[in-house]
Amino acid sequence: MSTPQPKATKVLPISGFPEYLPSERIVEQRFLDVIRETFELHGFSSVETRSIEPIERLSSQGEDADKEIYAVSRLAGGSDDDARWGLHFDMTVPFARYVLENAGKLSFPFRRYQIQKAWRGERPQEGRYREFTQADIDVVDVGELSPHFEAEMPLVIADVFSKFPVGDFIIQVNDRKIPNGFYQGIGITDVIGTLRIVDKLDKVGPDKVKAMLLEAGATDAQADQCLALAEIRSTDLGFVEQVRALGVEHPLLEEGLESLANVIRTGLAHAPGKLVADLRIARGLDYYTGTVYETQFVGHESWGSFCSGGRYDALASDGRTTYPGVGISIGVTRILGLLIGRGLVTASRSTPAAALVALKDDQSRDDAVAVATALRRRGIACEVAPSAAKFGKQIRYAERRGIPYVWFPGAGESGDEVKDIRSGEQVPAAADTWAPPAEDLAPVVSRTDAES
């Protein structure tokens, strides 16, 4: 009696859950290395939080938050009632919970960075995914947070992005107190609702935004004032007088103008040309209370923001003590999905190996492993050829992998030789002294000239 064979199943990708090829993964790792190293240069300590949070906590962070949450059941066969937890859709909410749980063990102001995956149940499209990596920094303090931290955040991000092969970028900055005070100054009572409408300007344009404001109860004059405020943008402190010229007065408005002026002033001194005061930036999440940020690539503004965040005063509170903070998040997968997908960034090879140690025959494998071990001890990544094929075949294997050097044990009169297979140059070498040029030691990630 024959044993029934399992049916063949077609393997299909799951939309919104990206997976990279080896060369693309090298690009991702280099970006993550730059982010981590830069965050640590600025004194941020690494933390990692759990993947799930109670659904009621996640869903309290904005009008659309509950629509984005992936619910998690304890067992695959569990009912919907078992789904009390959800996968976090950002790092800020779990970080706030982490601060509350560990406040007695942390030193404040607490500077943390967090590089993790997050999950968001939205419709996948170019640059937007259901599973993605974010890289966040936050500073939180007890009771009060010095405003100078709001000016520091974009400086860190400018430092990170200046090290990426991504071209020019700008960090757009606003302060939520400005529109909050302005709207109250012109008699609008639904400030949060108005913020959410104005935040759609880039997506739907001013005419539709005005129609939405009128539908929400604003007068024609109020809608025009809202749009006039949102049109203000400057690379220097000129936005202050432009806002005052609109003739609206409110204490919160003045507080916001002073706060944003301090951020822009710091940017002019330490990251000239990178910060822009843009009064249409609002950010949709409810917990932001002060400065807000969005980052775009110059020439690719249609891609939207890749890095955003802001000041929050009440996200973390245990009822007795409040921990205000400010943070900013880099959408790593969003950036790479567009840069890699459009062929704008590439790695010089698909392996970290700089050298392939060739095999004369199967009996010489131990000698080849000894050479590879000596090279690795000196920080030179390498691999031993998979089989003792003809040297020409071993060289072609290295070419396919992008490995620039092939090592031939005992090939010369005085010992080993190494060949640069790109130029054809072959020279004597010793495993305890040879090293490739610095540019060949690790894969190089670079920007290409044109979109594919």
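When a residue number appears, it is its place in the shown sequence, counting from 1.
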Participant: Report yes or no: does Glu301 contribute a side-chain atom to a donor-acceptor pair with the main-chain N or O of Gly299 at less than 3.5 Å?
Facilitator: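 Yes, because the side chain of Glu301 sits within donor-acceptor range (under 3.5 Å) of the backbone of Gly299.
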
Participant: Would the number of heavy atoms belonging to other residues, nucleotides or ligands and lying under 6.0 Å from CD of Glu101 be above 12?
Facilitator: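 Correct, the count exceeds 12.
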
Participant: Could you list all the ring pair (Phe, Tyr, Trp, His ring centres under 6.0 Å) pairs where at least one residue sits in residues 208-253, not counting sequence neighbours?
Facilitator: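 Ring pair (Phe, Tyr, Trp, His ring centres under 6.0 Å) check on residues 208-253 returns no pairs.
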
Participant: Hey, does the side chain of Arg280 reach the backbone of Glu231 with a donor-acceptor pair shorter than 3.5 angstrom?
Facilitator: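 Such a contact is absent between Arg280 side chain and Glu231 backbone.
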
Participant: Does Cys382 offer a backbone N or O that forms a donor-acceptor pair with the side chain of Arg376 under 3.5 Å?
Facilitator: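 Side chain of Arg376 to backbone of Cys382, a donor-acceptor pair under 3.5 Å: yes, one is there.
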
Participant: Looking only at side chains, do Glu294 and Ser308 share a donor and an acceptor under 3.5 Å apart?
Facilitator: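 Judged by distance alone, the side chains do not pair up.
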
Participant: Does any part of the side chain of Glu399, heavy atoms only, come nearer than 4.5 Å to the side chain of Ile395, both counted from C-beta?
Facilitator: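 Yes, at least one pair of side-chain atoms sits under 4.5 Å.
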
Participant: Do you know which two heavy atoms are closest between Cys307 and Ile157, and how far apart they sit?
Facilitator: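 The answer is SG-CG2, 3.7 Å.
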
Participant: Run the salt bridge (Lys or Arg N to Asp or Glu O under 4.0 Å) check on Glu68 and Arg130 step by step: do they pass?
Facilitator: CA-CA 9 Å; Glu68 300 180 338; Arg130 290 171 170 165; over 6 Å; no

Participant: CD of Glu215: more than 12 outside heavy atoms within 6.0 angstrom?
Facilitator: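 For Glu215, atom CD is not crowded (no more than 12 foreign heavy atoms under 6.0 Å).
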
Participant: Could you pull out the closest heavy-atom pair between Ser59 and Glu56, with the gap in Å?
Facilitator: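 Distance-wise, the nearest heavy atoms are OG-O, 3.3 Å.
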
Participant: Could you verify whether a donor N or O on one side chain and an acceptor N or O on the other, from Arg112 and Gln114, lie under 3.5 Å apart?
Facilitator: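 Result is yes, a qualifying pair exists.
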
Participant: Return each pair, listed once, that meets salt bridge (charged side-chain N to carboxylate O under 4.0 Å, His left out) where at least one residue sits in residues 302-316; pairs must be two or more places apart or across chains.
Facilitator: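 Passing the test, one end in residues 302-316: Glu150-Arg311, Arg311-Asp313.
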
Participant: Between Arg349 (side chain) and Asp440 (backbone), is there a donor-acceptor pair under 3.5 Å?
Facilitator: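 Checking the backbone N and O of Asp440 against the side chain of Arg349, a donor-acceptor pair under 3.5 Å is found.
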
Participant: Check whether any side-chain N or O of Asp190 sits under 3.5 Å from a backbone N or O of Gly193 as a donor-acceptor pair, and report yes or no.
Facilitator: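 Pair found, side chain donor or acceptor close to backbone of Gly193.
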
Participant: Could you check whether any side-chain N or O of Gln172 sits under 3.5 Å from a backbone N or O of Ala277, counting only pairs where one atom can act as donor and the other as acceptor?
Facilitator: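 Flag not set: sc Gln172 to bb Ala277 has no pair under 3.5 Å.
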
Participant: Test of understanding: with salt bridge (Lys or Arg N to Asp or Glu O under 4.0 Å), list the residues that count as partners of Lys208, not counting sequence neighbours.
Facilitator: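 Scan of Lys208 (salt bridge (Lys or Arg N to Asp or Glu O under 4.0 Å), adjacent residues dropped) gives none.
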
Participant: Any salt bridge between Glu53 and Arg97, counting N to O under 4.0 Å?
Facilitator: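 Yes.
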
Participant: Determine whether Asp199 and Arg196 satisfy the following criterion, salt bridge (Lys or Arg N to Asp or Glu O under 4.0 Å), listing intermediate values before the conclusion.
Facilitator: CA-CA 5 Å; Asp199 197 37; Arg196 288 175 179 156; over 6 Å; no

Participant: Is Glu249 atom CD crowded by more than 12 heavy atoms from other residues, nucleotides or ligands, each under 6.0 Å away?
Facilitator: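 Open: at most 12 neighbouring heavy atoms sit under 6.0 Å from CD of Glu249.
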
Participant: For Thr266 and Ala151, which heavy atoms make the closest approach, and how far apart are they?
Facilitator: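 Heavy atoms only, the tightest pair is OG1-CB, 3.6 Å.
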
Participant: Going by the rule ring pair (Phe, Tyr, Trp, His ring centres under 6.0 Å), which residues pair with Tyr312 if we only count those two or more places apart in sequence or in a different chain?
Facilitator: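 Ring pair (Phe, Tyr, Trp, His ring centres under 6.0 Å) check on Tyr312 returns nothing, list empty.
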
Participant: Side chain of Glu254, backbone of Pro251: donor and acceptor closer than 3.5 Å?
Facilitator: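 No, because the side chain of Glu254 does not come within donor-acceptor range (under 3.5 Å) of the backbone of Pro251.
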
Participant: Yes or no on salt bridge (Lys or Arg N to Asp or Glu O under 4.0 Å) for Arg25 and Glu28, after CA distance, side-chain angles and deciding distance?
Facilitator: CA-CA 5 Å; Arg25 174 67 172 152; Glu28 181 188 39; 2.4 Å; yes

Participant: Is there a side-chain contact between His300 and Leu344 in this structure, where contact means two heavy atoms from C-beta onward sitting under 4.5 Å apart?
Facilitator: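 In short, these two side chains touch, coming nearer than 4.5 Å.
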
Participant: Under a 4.0 Å threshold between the charged nitrogen and the carboxylate oxygen, would Arg401 count as salt-bridged to Glu383?
Facilitator: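 Between Arg401 and Glu383 there is a salt bridge, with a charged N closer than 4.0 Å to a carboxylate O.
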
Participant: What pairs with Ser46 under side-chain hydrogen bond (donor to acceptor under 3.5 Å, both in side chains), at least two apart in sequence or on another chain?
Facilitator: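 With neighbours one apart ignored, the set is empty.
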
Participant: Under a 4.0 Å threshold between the charged nitrogen and the carboxylate oxygen, would Asp138 count as salt-bridged to Arg111?
Facilitator: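 Not counted as a salt bridge, because no side-chain N and carboxylate O are separated by less than 4.0 Å.
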
Participant: Taking all non-hydrogen atoms of both residues, which atom of Val332 and which atom of Leu32 are closest, and how far apart?
Facilitator: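 Result for this residue pair: CG1-CD2, 3.9 Å.
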
Participant: May I ask you to decide if Ile380's main-chain N or O and Arg378's side chain share a donor-acceptor pair within less than 3.5 Å?
Facilitator: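 Checked: no pair found.
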
Participant: Would you say the ring centers of Phe297 and Phe169 fall short of 6.0 Å from each other?
Facilitator: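 No, the ring of Phe297 stays outside the 6.0 Å limit from the ring of Phe169, centre to centre.
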
Participant: Could you check whether Arg334 makes a cation-pi contact with Phe306, meaning its NZ or CZ is under 6.0 Å from the centre of the six-membered ring and within 45° of the ring axis?
Facilitator: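 Yes, Arg334 and Phe306 form such a contact.
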
Participant: In sequence, state the C-alpha distance, the side-chain angles, and the governing distance for Ser305 and Gln296, and then conclude on side chain to side chain donor-acceptor pair (under 3.5 Å).
Facilitator: CA-CA 5 Å; Ser305 176; Gln296 293 185 334; over 6 Å; no

Participant: Should Ile178 and Leu229 count as side-chain neighbours, where that means a heavy-atom distance under 4.5 Å?
Facilitator: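 Answer yes - side chains close enough.
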
Participant: With a 6.0 Å cut-off (strictly less than), is the heavy-atom count around CZ of Arg377, excluding the residue itself, greater than 12?
Facilitator: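 Not buried by this count: 12 neighbours or fewer within 6.0 Å.
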
Participant: Around Gln125, counting heavy atoms of other residues, nucleotides and ligands shown, do more than 12 lie under 6.0 Å from its CD?
Facilitator: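 More than 12 within 6.0 Å, yes.
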
Participant: Under 6.0 Å between ring centres: does that hold for Trp434 and Tyr405?
Facilitator: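 Close enough - the centres of the two rings lie under 6.0 Å apart.
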
Participant: Can you give me the closest heavy-atom contact between Ala314 and Thr322, atom names plus distance?
Facilitator: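 Minimum heavy-atom contact is CA-CG2, 4.1 Å.
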
Participant: Are the aromatic ring centres of Tyr323 and Phe108 under 6.0 angstrom apart?
Facilitator: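 Yes: the rings meet the under 6.0 Å criterion.
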
Participant: Taking Phe182 as the fixed residue, which of Val248, Val191, Ile188, Leu252 is the one that meets the side-chain contact (heavy atoms from CB on, under 4.5 Å) rule?
Facilitator: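 Checked Val248, Val191, Ile188, Leu252 against Phe182; only one passes side-chain contact (heavy atoms from CB on, under 4.5 Å): Val248.
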
Participant: For residues Asp278 and Ala230, report the shortest heavy-atom separation together with the two atoms involved.
Facilitator: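 The pair with the smallest heavy-atom distance is OD1-O, 4.4 Å.
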
Participant: Given Tyr98 and Glu48, is the side chain to side chain donor-acceptor pair (under 3.5 Å) satisfied, shown in steps?
Facilitator: CA-CA 9 Å; Tyr98 177 92; Glu48 182 172 289; over 6 Å; no

Participant: Charged N to carboxylate O below 4.0 Å: is that the case for Arg422 and Glu425?
Facilitator: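 The answer is no: the pair does not qualify as a salt bridge.
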
Participant: Can you list every ring pair (Phe, Tyr, Trp, His ring centres under 6.0 Å) pair that touches residues 24-60, not counting sequence neighbours?
Facilitator: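 Qualifying pairs, neighbours excluded: Phe31-Phe164, Phe39-Tyr113.
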
Participant: Dump the intermediate steps for salt bridge (Lys or Arg N to Asp or Glu O under 4.0 Å) on Lys274 and Asp168, then the final yes or no.
Facilitator: CA-CA 9 Å; Lys274 299 305 181 186; Asp168 202 7; 2.6 Å; yes

Participant: Are Lys163 and Thr38 close enough that a side-chain donor and a side-chain acceptor fall under 3.5 Å?
Facilitator: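 Lys163 vs Thr38: donor-acceptor pair found between side chains.
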
